[in-house]
Amino acid sequence: MKLNYQNNNIFTFVKVLSTVLITSAIGLELWNIYAVLTHTKVPSSLNPVFWIERFAVTIHFLEAVVAAFFAPSRKKTPLKYGTYTFFVGTIGLLELFNKEDD
């Protein structure tokens with residue numbers, strides 16, 4: 001299945017947005033850990049946000065593991081492609097499995 005031009009534009013937008021959001025989620029979690037270690041109060045209104053970001057990071061991590069596992073079969077470096085997939089999410093897996101052998 002080949003990706004058409006419109007899908008490529010959407011994929012590019014989602015990849016950039018996903019990278020920004022996952023990086024922000026990691027920063028938010030680091031802030032939460034710092035607050036716990038220093039006994040600082042975090043607003044309780046952020047608890048749902050923490051759960052959503054933990055869920056997203058977990059799912060992205062599982063996608064990265066799958067990508068790293070299948071990367072050698074597609075002639076990709078596992079660590080590099082796993083990291084890429086962690087930040088861009090499902091689109092990284094789609095790109096890995098949609099690669100057509102030339």
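All heavy atoms count here, side chains included; hydrogens, waters and symmetry mates do not. The shown structure was predicted, so the numbers you read here are calculated from the model rather than taken from an experiment.
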K.L.:
Mind running salt bridge (Lys or Arg N to Asp or Glu O under 4.0 Å) on Glu95 and Lys15 for me, showing each step along the way?
P.N.:
CA-CA 11 Å; Glu95 290 174 349; Lys15 286 193 285 189; 2.8 Å; yes

K.L.:
Which pair of heavy atoms, one from Ala64 and one from Gly82, lies closest together, and at what distance?
P.N.:
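Ala64 and Gly82 have their closest heavy atoms at CB-O, 3.1 Å.
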
K.L.:
Does Leu46, at its CG atom, have more than 12 non-hydrogen atoms belonging to other residues, nucleotides or ligands within less than 6.0 Å?
P.N.:
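Correct, the count exceeds 12.
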
K.L.:
Calculate, to the nearest 0.5 Å, the distance between atoms NE2 and OG1 belonging to His60 and Thr90 respectively.
P.N.:
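His60 atom NE2 to Thr90 atom OG1 measures 6.5 Å (nearest 0.5 Å).
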
K.L.:
About how many Å separate CD1 of Ile22 and CD of Glu53, when rounded to the nearest 0.5 Å?
P.N.:
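Nearest 0.5 Å value for the CD-CD1 distance: 8.5 Å.
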
K.L.:
If hydrophobic clusters are built by linking Ile, Leu, Val, Met, Phe, Trp and Tyr wherever their side-chain heavy atoms come under 4.5 Å apart, do Phe69 and Val66 end up in the same one?
P.N.:
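In one cluster with Phe69: Val66, yes.
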
K.L.:
Are the side chain of Ser18 and the backbone of Phe87 linked by a donor-acceptor contact shorter than 3.5 Å?
P.N.:
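Yes.
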
K.L.:
Which pair of non-hydrogen atoms, one from Pro78 and one from Pro72, has the smallest distance, and what is that distance?
P.N.:
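Heavy-atom minimum between the residues: CG-CG, 3.6 Å.
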
K.L.:
To the nearest 0.5 Å, tell me how far Asn32 CG sits from Thr40 OG1.
P.N.:
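Spacing of CG (Asn32) from OG1 (Thr40) equals 10.5 Å.
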
K.L.:
Starting at CZ of Phe13, measure out to CD1 of Ile91 and round the result to the nearest 0.5 Å.
P.N.:
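Spacing of CZ (Phe13) from CD1 (Ile91) equals 10.5 Å.
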
K.L.:
Are Val65 and Ile59 connected, step by step, through hydrophobic side chains (Ile, Leu, Val, Met, Phe, Trp, Tyr) whose heavy atoms are closer than 4.5 Å?
P.N.:
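Looking at the clustering, Ile59 is in a separate group from Val65.
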
K.L.:
Between atom NZ of Lys76 and atom CG of Leu96, what is the distance when rounded to the nearest 0.5 Å?
P.N.:
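These two atoms lie 7.5 Å from each other.
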
K.L.:
Between Tyr81 and Gly92, is there a donor-acceptor pair closer than 3.5 Å when you use the side chain of the first and the backbone of the second?
P.N.:
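Checking the backbone N and O of Gly92 against the side chain of Tyr81, a donor-acceptor pair under 3.5 Å is found.
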
K.L.:
Starting from Leu30, can I reach Phe61 by hopping between I/L/V/M/F/W/Y residues whose side chains sit under 4.5 Å apart?
P.N.:
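The answer is yes; both residues are in one hydrophobic cluster.
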
K.L.:
Look up atom CG in Leu93 and atom CG in Asn98, then write down how far apart they are to the nearest 0.5 Å.
P.N.:
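Rounded to the nearest 0.5 Å, the CG-CG separation comes out at 10.5 Å.
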
K.L.:
State, with a plain yes or no, whether a side-chain heavy atom of Trp31 is found less than 4.5 Å away from one of Phe50.
P.N.:
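Of all side-chain heavy-atom pairs linking Phe50 with Trp31, at least one is under 4.5 Å.
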
K.L.:
Can you spot which of Leu21, Thr19, Val20 makes a side-chain contact (heavy atoms from CB on, under 4.5 Å) with Thr23?
P.N.:
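That would be Thr19; it is the only one of Leu21, Thr19, Val20 passing the side-chain contact (heavy atoms from CB on, under 4.5 Å) with Thr23.
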
K.L.:
Should Val49 and Val42 be regarded as members of a common hydrophobic cluster, given that ILVMFWY residues are connected when their side-chain heavy atoms come within less than 4.5 Å of each other, either directly or indirectly?
P.N.:
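Same cluster.
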
K.L.:
Under 4.5 Å between any side-chain heavy atoms of Phe11 and Leu94, yes or no?
P.N.:
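Phe11 vs Leu94: side chains touch.
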
K.L.:
Could you give me the CA-CA distance, side-chain angles and deciding distance for Phe70 and Phe97, then say whether ring pair (Phe, Tyr, Trp, His ring centres under 6.0 Å) is met?
P.N.:
CA-CA 9 Å; Phe70 286 104; Phe97 292 121; 5.4 Å; yes

